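What you see is a predicted model, and the numbers here were worked out from it, not measured in a lab. A note on names: the letters A, B, ... follow the listed sequences, proteins ahead of strands, and every chain is numbered from 1.
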2 protein chains.
Amino acid sequence: MNEQSYPEFTGLELSPRKIDYLKFILEKDGTVKTTEISSGLQVDPSTTSKTLNELASAGYLNHIPYRGVDLTELGEAYTQFLVRRHRILSLLLTHYGLSPEEACDEVSRFEAFVSRDAVDKICSSMGHPMFGVCGEISHGKCLHEENHH
Amino acid sequence: MNEQSYPEFTGLELSPRKIDYLKFILEKDGTVKTTEISSGLQVDPSTTSKTLNELASAGYLNHIPYRGVDLTELGEAYTQFLVRRHRILSLLLTHYGLSPEEACDEVSRFEAFVSRDAVDKICSSMGHPMFGVCGEISHGKCLHEENHH
DNA sequence: GAAATTTTTTGGTGCAAGCCCAAATTTTGT
DNA sequence: ACAAAATTTGGGCTTGCACCAAAAAATTTC
């Protein structure tokens, strides 16, 4: 399941903090426990618990109470977009004099407010680069290009 | 008075909404009344009044109650940065397949979270362009370049 | 397998940023 | 000077994000 399966999202649905949660969960791959997340994100377990509930209500996570969470199909597709967005934008900034670390930090601050549409256009315009400054960039996701060939 | 006079700010001091207020006030040039701002930003006058107070307390505005506001030296320098940031980032995005309007809209959403440092680096790297997609880009402000010649 | 410990959730609170409404205050215009 | 318009103040609401304390469920230990 990938981004194309969900043409409806704009990339502006989630707050910066919620993005951190999804990215963390994607990295862990599989069922993740509340404690793992709260120590990973340096936040109180009760805060984590509530946020996980919100993300589950919004359809990004399956949450079995007292057991843990894992990404739904939507959550997986969405988080893949989140990672691609982060990597594309970071790579972009390194082309303008920022170091990889600076670019990463900078992007982390504003990425939540960059639309999927803009990311797809930037991605196409850069020729769908395969590697970013913080990992591989996986494609098969830019709606634009995909649609015309 | 320009940005160099205030080497201390990072560009991350103000919320997106407060940026709107300062930009609007800069455009009007001179003393601006509460009503003008509230109709310009489509917001209740009471909201405007409170926000103007906050911006005045933070040193960006002179506020004479019931009379109006105008930019302080800091406010003027800061708002010049805000405008430069907006224009540089918009110009940047138009190099990646976004139309001027799309670029403008996109940047408006995230510009508040892009640091002065990053803007200066991008600006240098682009060769200090003089024109952006939404107006002239005035320089004499990138700390970096200025400092080494 | 029952008790103790750990994990997770729930309920309450707080803070910051924004917004609106209604009422009070000040200014403006006649 | 008085009415109208503009501005401010006080109160309340929402969202996002955080914490603490207490309750509930799961896990570990004996």
Which residues satisfy the side-chain hydrogen bond (donor to acceptor under 3.5 Å, both in side chains) test with B:D105, sequence neighbours excluded?
-> none
With sequence neighbours left out, the residues meeting side-chain hydrogen bond (donor to acceptor under 3.5 Å, both in side chains) with A:E36 are none
Just jot down the ring pair (Phe, Tyr, Trp, His ring centres under 6.0 Å) partners of A:Y96, sequence neighbours excluded, or say none.
-> none
Residue list, side-chain hydrogen bond (donor to acceptor under 3.5 Å, both in side chains) with B:S46, at least two apart or on another chain = B:D44
May I have all residue pairs that pass salt bridge (Lys or Arg N to Asp or Glu O under 4.0 Å) and include part of residues 49-58 of chain A, sequence neighbours excluded?
-> A:K18-A:E54
How many Å lie between CG on B:L41 and P on C:dC19, as a whole number?
-> 9 Å
Could you give the NZ-to-P distance, from A:K33 to D:dA26, as a whole number of Å?
-> 11 Å
B/S/- along nucleotides 9-18 of chain C (protein heavy atoms under 4.0 Å) is BBBB-----S
